A.B. asks: 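The structure that follows is given in the form of structure tokens.
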Amino acid sequence: MTQAQTQTQAQSQSQTIGAAGWRQRVSIDVPLRHPHRQDLLHEQWRRGLGHLAHVRQLRLPDDRTGGVHRTRVERRLVGEVAVSRQFSDPIEGTSGSGAIDGRADFVAVHIIRSGSLRIEDSGRRADLGPGTLCVRDLHTFWQFAYTVPTDCRVLILPRAGLLDHLHRTRLPALTVAPAAAPESRLLLAHLDAAWALAEQLGPEATHAAGEAMAMLLTGLIRTQASIATPPQSLRTAATAYADSRLRDPDLVPATIARALNVSVRTLHRAFADGETVMAYVRRRRLEGARRELDRPGSPFTVADVAARWQFADPSHFRRAYRGTYGQSPRRQSGGAIE
């Protein structure tokens, strides 16, 4: 298929507007061997879907170089809520904004039916699979990727309406819920009904359907916030994760927070009433190092043990060991060698 043919296909299927309602159907097909495939993707996207204020950047993954990338979108407007059914082969991009601008005035909701959506900000990363619903505040700058062919539903709605319903000035950056949760099921049932009746409803009923969607989403956000992981449970999960990776050089708060799908700030709050996250890691590494030094027949020198347990150098390890145990690290009889 030529570039002109694919552009024509996207444009010809782009939208149907009439008295019965508003609808877009878009097919995008990009040959992955095309020398200007990224430009072709952007052109087809612009022709088919126009400008999407919440998306900052969109690109095809570099590791896919054969076949054809496919995206299928059917979109309807329910009041102020843009509702779409999407299928996409792997694609990645960024959305939202760290600043207050037009890209940040929305909230994005994804309901994953099959495939996988990866989302990441400065403090967390989440891989969302089938049966998951996530709500992202686009005041946060997000990286996202469909890592495999993915079928999902997407809602884009103004954040101001949600804030009004929540009686708040801020939204959670990320809310994740099972699609099988009662609040999710209620939202999805209303979504299905609104989608099916969109072309039969008049303007007032369509507006009311969109408002109801926002209110149901508000209830879901409130419920998930109230059952969020308690600090003690989060601390237990964090220490268990750290204990399993004490010799990993990349064991830092950001890594732990990402693995537990929380922000770094939330992780630090879970440790606020005692030793810090890295103080815990340091103590547990010292305990592991001490066990190795005390083990008869160990082939490791003190310098080896220091390196194995991720201390910067032997002198740093000796200072930390002496400060904790009141003596310098040394071999036991038949054990590690100084």
Side-chain angles (χ1 to χ4, degrees), residues 52 54-61 63-64 69-73 75 81-96 106-157 159 162 171-189 191-192 213 216-225 227-229 233-234 237-238 241 254-264 266-267:
L52 297 181
H54 62 287
V55 177
R56 296 173 63 97
Q57 189 180 53
L58 201 64
R59 62 176 286 108
L60 299 170
D63 60 353
R64 292 180 60 84
H69 167 87
R70 299 167 301 150
T71 291
R72 304 289 184 265
V73 180
R75 186 166 65 149
V81 184
V83 181
S84 63
R85 294 176 174 176
Q86 299 184 8
F87 169 85
S88 180
D89 284 329
I91 197 169
E92 59 194 27
T94 58
S95 60
F106 299 95
V107 170
V109 183
H110 283 76
I111 304 104
I112 311 301
R113 303 179 69 185
S114 66
S116 178
L117 170 65
R118 175 176 297 164
I119 54 175
E120 186 172 1
D121 68 359
S122 59
R124 86 204 82 200
R125 172 175 149 176
D127 291 284
L128 308 173
T132 306
L133 182 152
C134 79
V135 185
R136 288 182 294 140
D137 181 8
L138 296 181
H139 267 201
T140 299
F141 180 80
W142 295 97
Q143 298 179 57
F144 67 87
Y146 293 135
T147 56
V148 296
T150 298
D151 181 16
C152 63
R153 298 180 184 180
V154 181
L155 312 180
I156 304 295
L157 64 161
R159 71 189 303 275
L162 286 184
L171 288 173
L174 176 66
T175 302
V176 178
E183 299 79 18
S184 302
R185 292 170 60 192
L186 185 59
L187 172 64
L188 293 174
L191 176 60
D192 287 341
M213 210 173 292
L216 290 171
L217 191 57
T218 298
L220 185 147
I221 292 171
R222 281 201 183 110
T223 301
Q224 292 303 311
I227 62 175
T229 306
S233 299
L234 176 56
Y241 180 88
T255 306
I256 300 171
R258 185 180 302 122
L260 300 178
N261 193 27
V262 298
S263 68
V264 174
T266 298
L267 177 66

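Predicted model only: the values in this text are computed from it and were never measured. The first residue of the sequence shown is numbered 1, and numbering continues consecutively from there.
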A.B. asks: Quick one: CZ on R153 to CG on L191, what's the gap to the nearest 0.5 Å?
C.D. replies: 5.5 Å

A.B. asks: Okay, side chain of D151, backbone of S114: is any donor-acceptor separation there less than 3.5 Å?
C.D. replies: no

A.B. asks: Taking the side chain from T150 and the backbone from S116, do they hold a donor-acceptor pair closer than 3.5 Å?
C.D. replies: yes

A.B. asks: Give me the atom names and distance for the closest heavy-atom approach of T140 to A173.
C.D. replies: OG1-CB, 3.7 Å

A.B. asks: Does atom CZ of R185 have more than 12 heavy-atom neighbours, drawn from other residues, nucleotides or ligands, at distances under 6.0 Å?
C.D. replies: no

A.B. asks: Got a donor-acceptor contact below 3.5 angstrom from the S184 side chain to the P178 backbone?
C.D. replies: yes

A.B. asks: Nearest 0.5 Å, what's the CG-CZ distance between L138 and F106?
C.D. replies: 8.5 Å

A.B. asks: Show your reasoning for whether side-chain contact (heavy atoms from CB on, under 4.5 Å) applies to L128 and H110.
C.D. replies: CA-CA 9 Å; L128 308 173; H110 283 76; 6.0 Å; no

A.B. asks: For the atom pair CG (D127) and CZ (R258), what is the distance rounded to the nearest 0.5 Å?
C.D. replies: 10.5 Å

A.B. asks: As an exercise, state the distance from CD1 of I112 to OH of Y146, rounded to the nearest 0.5 Å.
C.D. replies: 6.0 Å

A.B. asks: Rounded to the nearest 0.5 Å, what's the gap from CG on L217 to CG on L162? Could you check?
C.D. replies: 5.0 Å

A.B. asks: A257 and L267: which non-hydrogen atoms are nearest, and at how many Å?
C.D. replies: N-CD2, 4.0 Å

A.B. asks: Please name the residue in the list I111, L133, D192 that meets the side chain to side chain contact (heavy atoms under 4.5 Å, CB included) test with L187.
C.D. replies: L133

A.B. asks: By the definition side chain to side chain contact (heavy atoms under 4.5 Å, CB included), identify the one residue from L155, T218, L157, V109 that meets it with M213.
C.D. replies: L155

A.B. asks: Which pair of heavy atoms, one from G96 and one from R56, lies closest together, and at what distance?
C.D. replies: O-CD, 2.7 Å

A.B. asks: How long is the gap from CG on D121 to CD on Q143, to the nearest 0.5 Å?
C.D. replies: 9.0 Å

A.B. asks: Apply side-chain contact (heavy atoms from CB on, under 4.5 Å) to E183 and R222, showing your working.
C.D. replies: CA-CA 10 Å; E183 299 79 18; R222 281 201 183 110; over 6 Å; no

A.B. asks: Under the side-chain hydrogen bond (donor to acceptor under 3.5 Å, both in side chains) criterion, do Q86 and S88 qualify, and how do the steps go?
C.D. replies: CA-CA 6 Å; Q86 299 184 8; S88 180; over 6 Å; no

A.B. asks: Spell out, as yes or no, whether a donor-acceptor pair under 3.5 Å connects the side chain of W142 to the backbone of D137.
C.D. replies: yes

A.B. asks: Which of these, R70, H69, R72, sits in a side chain to side chain donor-acceptor pair (under 3.5 Å) with D89?
C.D. replies: R70

A.B. asks: Considering the options R59, R118, R64, which one meets the salt bridge (charged side-chain N to carboxylate O under 4.0 Å, His left out) requirement together with E92?
C.D. replies: R59

A.B. asks: Which atom names give the shortest non-hydrogen contact between T175 and P172, and what distance separates them?
C.D. replies: OG1-CB, 3.8 Å

